[in-house]
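See structure below.
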Number of protein chains: 2
Amino acid sequence: MATSRSGDRRTQADRRARTRSALLESAARGLSAHGYANLSLERVAGEAGYTRGALYHQFANKEELAQAVVEWVGETWRAEVGGPASAHQDPVEALCALARAHAVYCRRDIAGVMMTLQIEFSGRDHPVARALERNVRPLITEWGGRIAQARESGALPPGPPPEETASAYFGTLQGVTIALAGRAPHDVRLAEGAVRGVLGLPPAAPGEPVLTPPGRGAAP
Amino acid sequence: MATSRSGDRRTQADRRARTRSALLESAARGLSAHGYANLSLERVAGEAGYTRGALYHQFANKEELAQAVVEWVGETWRAEVGGPASAHQDPVEALCALARAHAVYCRRDIAGVMMTLQIEFSGRDHPVARALERNVRPLITEWGGRIAQARESGALPPGPPPEETASAYFGTLQGVTIALAGRAPHDVRLAEGAVRGVLGLPPAAPGEPVLTPPGRGAAP
DNA sequence: AAAGTAACATACAGACATGTACGTATGTGA
DNA sequence: TCACATACGTACATGTCTGTATGTTACTTT
């Protein structure tokens, strides 16, 4: 007889990794849409094609699942947004590229995970809050540093303390991308405009065409 | 014996209004900090100095309480932010004044109510979601109209459709103010900068002193 | 001042979600 | 092929929250 599902006949480790990914993605969607408290593990498992038994076999409890989602989202963000933007030498260009890449990244339905959890756990002492802090804090320092660097070189005008400006930068970016909910193609342009305003930059020259990478667009 | 609390000896209507206000404010703080699902009515009543019995005497259920909070916050916002900003004749000046006033408004601890609920109920069919829609939708149309008006007069450069730009405007504003959590005095400047960027405006002239009205500052 | 009504407290029932114990199926190594 | 480990499903025990029913206190009216 054929195996239960297509391509399921694999090694144990592979099987485990497969279901773990499915559960993580389902949990990410659920967290983004409903938040932590409203997240029903039965629905998370159900939408992934499993039951709560499988979920509790992979994750110790709800907290640990949420922490794993945070780490997973953080990794994909660094791979698709943070890393490529950091590659730019010019700090100003790096900051603008980050905003554009983030807008594209947010076209997926897992964009709200970080913002939702940050709001839900802000000011609380909770393992999930610490996981968020571990993923967000380095960004503030890294990009706050680049803001300071750009100001020293005169590429950016003076302004509030770099770390505060960086906080405003990321808050702005999250706010504008969530409000637009990934409505291409204007999301990229508006995101860049918003952060340019926070940084004290004039509007971008309208000549350069807004490049819109395939944010979960239709296949081939 | 003396009455239970100071100045409690009042008429029934006054007594009712008093506890209703206390419950609303407590619920607003709770919603802002923990969201709807995490909001425990026992804690809401307790922090207001009552029990759940009083709460259920004033509000039919949790939904209605949340709706009342939304209306209450909406009213105070219109009184302190939306109304004064609308009074400006020049659309651009009105849009910038709105951003500054909103930043000041958000120095209170009830600032996150709208954003939290919007995220928690986005894309759901729920009475609270409809209450939010009723309070937010008119803003998008009103201020989208002023954006269109400013573009026609040349005060604003062309951009995405006015309603989409207005969505981005408010999302940006909420994001930047929440990120700064009302940290005066830079919140006002950064909020205005962010929305100027969304609108395609150049940075504000640094000459004019940033006016910071008393956002819950210590009394004289 | 006493009856009556509104405001509020307390006690209880139902729903729902988490976490655990245990059973079953599937893959792995001797 | 047989013993074992891992992946997953099912059933239950526990706690927490909402909503309701009932009792008690504060005010109003006559």
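Residue numbering restarts at 1 for every chain, and letters A, B, ... go by the order of the sequence lines.
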Inspect the contact between R146(B) and E142(B) and indicate whether a charged nitrogen and a carboxylate oxygen are less than 4.0 angstrom apart.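 No.
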
Side-chain ion pair, R100(A) and E93(A), N-O less than 4.0 Å: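 Yes, charged N to carboxylate O under 4.0 Å.
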
Let's test your reading of the model: under 3.5 Å, does the base of dG9(D) pair with the side chain of R52(A) as donor and acceptor?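 In this structure, the two groups form no donor-acceptor pair.
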
Angle class for the F121(A)/H126(A) ring planes (parallel below 30°, perpendicular above 60°, tilted otherwise)?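 Ring orientation of F121(A) relative to H126(A): tilted.
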
Identify which nucleotide among [options] has an atom closest to any side-chain atom of [X], counting heavy atoms from C-beta outward.
| X | options | result |
| --- | --- | --- |
| K62(A) | dG9(D), dG19(D), dT18(C) | dT18(C) |
| R15(B) | dT18(C), dT20(D), dC8(C) | dC8(C) |
| T51(B) | dT10(C), dT18(C), dA26(D) | dT10(C) |
| Y50(B) | dA9(C), dT20(C), dA17(C) | dA9(C) |
| R16(B) | dA7(C), dC8(C), dG9(D) | dA7(C) |
| H57(B) | dC8(C), dA7(D), dT18(D) | dC8(C) |

Does a nitrogen or oxygen in the side chain of T19(B) sit under 4.0 Å from OP1 or OP2 of dC8(C)?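 For dC8(C), OP1/OP2 do have a side-chain N/O of T19(B) under 4.0 Å.
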
OP1 or OP2 of dC8(D) versus the side-chain N and O atoms of Q58(A): is any pair under 4.0 Å?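 Answer yes for this pair, as a side-chain N or O of Q58(A) is under 4.0 Å from OP1 or OP2.
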
Let me see the working for I147(A) and E163(A) under side chain to side chain contact (heavy atoms under 4.5 Å, CB included), right down to the final yes or no. CA-CA 9 Å; I147(A) 289 172; E163(A) 292 220 336; over 6 Å; no

Rounded to 10°, tell me the angle between the two end axes of the helix from dA1(C)-dT30(D) to dA30(C)-dT1(D), each built from five pairs.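 Between the axes fitted at each end of the helix from dA1(C)-dT30(D) to dA30(C)-dT1(D) lies an angle of 10°.
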
OH of Y56(B) versus C1' of dG19(D): gap in Å, rounded?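 Distance, rounded to whole Å: 5 Å.
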
